[in-house]
Number of protein chains: 2
Amino acid sequence: MTVDTATRILDVAEELVQTRGLNAMSYGHVSARVGITNASLHYHFPAKADLTTALVTRYSERFFAALDEIERTKPDVADRLRAYTQLYAAVLASGRMCLCGMLASDFETLSPTVQDHVSAFFEHSYVWLERIIAEGVGAGRLPAPVSSRATAEALVAGLEGAMLVSRPSGDPGRFEGIADALLASIGVPARS
Amino acid sequence: MTVDTATRILDVAEELVQTRGLNAMSYGHVSARVGITNASLHYHFPAKADLTTALVTRYSERFFAALDEIERTKPDVADRLRAYTQLYAAVLASGRMCLCGMLASDFETLSPTVQDHVSAFFEHSYVWLERIIAEGVGAGRLPAPVSSRATAEALVAGLEGAMLVSRPSGDPGRFEGIADALLASIGVPARS
DNA sequence: GTCTATAACGAGATAGAC
DNA sequence: GTCTATCTCGTTATAGAC
């Protein structure tokens with residue numbers, strides 16, 4: 001039941017990127033924490049871009065699996081959207097930022113491949129939210145917005161921004177207040 | 001009418017931080033673009049933290065001067081809030097991100113002094129917006145929110161996040177759509 | 001798969017001449 | 001104020017033994 005080395009590398013690297021940012025995460029930091037040498041790390045991920053690609057791929061897969069799970073277990077649009085914001089809240093509560101949010105701020109320094117993966121993460125999020133919102137509107141359980149797509153983009157932007165500004169405030173609870181305000185603005189009350 | 005060296009250094013460093021991030025901005029990059037040596041750069045800003053402090057201080061002063069100007073020239077709350085979002089839009093239109101947004105994503109790697117300045121930038125923004133919103137509500141020109149402070153925080157978060165997610169989308173116009181949605185959610189129509 | 005060793009480079013920073 | 005020269009360290013990455 002031991003975890004293989006590649007997974008342990010990804011776990012450590014992910015935590016470093018989510019807290020300190022990609023350009024403050026080095027092979028030295030990762031290898032030291034995993035307990036292997038720099039050279040061994042390069043065996044698993046030859047270049048930093050390879051490691052970064054693996055990080056964003058795994059993060060995206062897990063995130064979208066969580067979206068599937070929300071859709072499967074919660075029939076009501078308000079519950080779904082609250083659960084969506086809770087995905088972000090849980091990341092922040094663990095002392096981390098959204099991996100793709102962090103990579104977005106370093107976007108210009110990313111390899112084209114990683115850039116594409118980051119872009120796809122957000123695009124996939126918009127598509128999922130737009131569909132969830134449109135379904136809620138169609139079922140008469142959500143007020144009709146000007147555009148479901150625009151609402152989806154504003155929600156993602158608001159949550160990513162809320163994570164970003166919560167850390168400098170030193171108040172971990174600040175995120176929740178902003179998230180509630182965002183949800184309320186699209187017709188989702190804070191409590192069911 | 002020539003610009004002094006310290007200012008040219010700040011101009012170049014600012015552009016690099018706003019596009020590539022603090023940890024991808026080096027003394028080598030800055031000195032090369034300014035046309036001086038690495039050693040000369042250290043004469044003006046002994047340590048990178050000194051340069052970063054000067055950057056965030058200047059950026060904050062200019063930003064808050066712009067807020068004063070908005071308040072002085074625009075009596076209507078809707079015009080004021082639209083102008084506020086336009087400050088962000090203008091930064092993005094110049095191919096840059098908010099300096100303090102970029103520093104917020106590298107928050108854990110900042111010196112305590114710089115962290116304090118970044119925190120103060122956001123806090124000052126909340127205070128200004130909260131007052132502007134509360135005045136607009138008091139004048140009956142804005143629907144009363146649950147909390148002016150919460151609305152202020154959500155607006156800043158939304159705008160910072162909108163900048164962040166606009167770049168991966170490859171669509172510069174995306175920011176405007178999100179900004180309009182944010183303004184509309186607090187009762188400010190897109191056009192006067 | 002992991003190691004030692006090392007290459008090759010860039011980073012932040014300093015000394016001292018001009 | 002700016003330079004040359006240098007230092008020290010961290011960084012990504014590779015070669016080759018085990």
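Everything quoted here is computed from the prediction, not taken from an experiment. When reading the values below, keep in mind they use all heavy atoms of this one structure, side chains included, and skip hydrogens, waters and symmetry mates.
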Are OP1 or OP2 of [N] and a side-chain N or O of [X] less than 4.0 angstrom apart?
| X | N | answer |
| --- | --- | --- |
| A:Ser26 | D:dT11 | yes |
| B:Thr5 | D:dT2 | yes |
| B:Thr37 | D:dT2 | no |
| A:Ser40 | C:dG1 | no |

Is it true that [X] and [Y] make a salt bridge, defined as a side-chain N closer than 4.0 Å to a carboxylate O?
| X | Y | value |
| --- | --- | --- |
| A:Glu61 | A:Arg58 | no |
| A:Arg20 | A:Glu15 | no |
| B:Glu123 | B:Arg149 | yes |
| A:Glu71 | A:Arg131 | yes |

Whole angstrom is fine here: how far is it from [atom1] in [X] over to [atom2] in [N]?
| X | N | atom1 | atom2 | result |
| --- | --- | --- | --- | --- |
| B:Asn23 | D:dT12 | CG | C1' | 16 Å |
| A:Tyr43 | D:dT12 | OH | P | 21 Å |
| B:Leu16 | C:dA11 | CG | C1' | 15 Å |
| A:Leu41 | C:dT4 | CG | C1' | 16 Å |

Go through B:Arg8 and B:Asp11 one step at a time and tell me if the salt bridge (Lys or Arg N to Asp or Glu O under 4.0 Å) criterion holds.
CA-CA 5 Å; B:Arg8 286 192 293 140; B:Asp11 290 343; over 6 Å; no
Using a 4.0 Å heavy-atom cut-off, write out nucleotides 13-18 of chain C from 5' to 3' as B (base contacted by protein), S (sugar-phosphate only) or - (no contact).
BBB---
Which pairs pass side-chain hydrogen bond (donor to acceptor under 3.5 Å, both in side chains) with one or both residues in residues 154-173 of chain B, sequence neighbours excluded?
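Those involving residues 154-173 of chain B are B:Tyr88-B:Glu160.
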A:Ala24 vs B:Ile36, nearer the 5' end of DNA chain D by closest nucleotide:
B:Ile36
